[in-house]
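Report on the structure given below.
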Amino acid sequence: IVALHDVEVAMALRFIRDQVGTGISVGDVVNHVELSRRSLELRFQEAIGRTIHAELQRVRFERAKRLLREAELSIARISDHAGYGSPSYMGQVFKEQIDMTPAQYRRHLRGE
């Protein structure tokens with residue numbers, strides 16, 4: 001949780017956190033905050049040092065990791081709950097980020 005003086009960026013971050021599992025896009029975030037995309041992108045970059053898209057990706061990835069740690073859900077269900085379009089796309093993201101598939105990450109956490 002970050003304390004921000006920019007109310008619109010804080011509103012966008014809250015929306016991302018609350019809605020990321022629904023598969024929201026950058027456009028959805030922009031529409032929620034009711035600023036121009038360019039204005040929100042600039043303010044986002046200034047406030048947290050990331051683009052809206054990068055923040056969406058970060059939050060999805062962190063949610064998926066948490067669910068793999070804490071929930072006994074299938075990889076497909078976790079992919080859905082984290083807002084990924086498909087389990088295969090989530091698998092691609094995991095390979096890019098941590099060089100493991102979601103199943104390998106879960107086994108790693110369990111010490112298997």
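The number of heavy atoms from other shown groups lying within 6.0 Å of CZ (R66) is above 12. Counting heavy atoms of neighbouring residues, nucleotides and ligands inside a 6.0 Å radius, atom CZ of R38 does not exceed 12 of them.
Separation of atoms CD1 (I24) and CG (N31) is listed at 11.0 Å; rounding is to 0.5 Å. Taken to the nearest 0.5 Å, the CZ atom of R106 stands 6.0 Å off from the CD atom of E72. Atom CZ of F94 sits about 7.5 Å away from atom NZ of K65, to the nearest 0.5 Å. Interatomic distance, I75 CD1 to D80 CG, rounded to the nearest 0.5 Å: 13.0 Å. Rounded to the nearest 0.5 Å, atoms CG (L42) and OG1 (T51) are 11.5 Å apart. Rounding to the nearest 0.5 angstrom, the gap separating the CD atom in E34 from the CG atom in L40 is 11.5 Å.
Between Q57 and V93, every side-chain heavy-atom pair lies at or beyond the 4.5 Å cut-off. Counting heavy atoms from C-beta outward, D6 and F44 have side chains that stay 4.5 Å or more apart.
When the side chains of ILVMFWY residues are joined at heavy-atom separations under 4.5 Å, either directly or via intervening members, F15 and V30 end up in a single hydrophobic cluster.
Salt-bridge annotation for R43 and E46: absent, with no side-chain N of the basic residue lying under 4.0 Å from a carboxylate O of the acidic one.
Judged by distance alone, with hydrogens and angles left aside, the side-chain atoms of S39 form no donor-acceptor pair with the main-chain N or O of S36 at under 3.5 Å. With R63 contributing its side chain and R17 its backbone, the two residues share a donor-acceptor pair below 3.5 Å. Looking at Y84, its side chain never comes within 3.5 Å of a backbone N or O of A76 through a donor-acceptor pair.
Across every non-hydrogen atom of M90 and A64, the tightest pair is SD-CB, 3.9 Å. I16 and V29 get closest at one heavy-atom pair: CG1-CG2, 3.7 Å.
For R50, the salt bridge (charged side-chain N to carboxylate O under 4.0 Å, His left out) partners are E55, not counting sequence neighbours.
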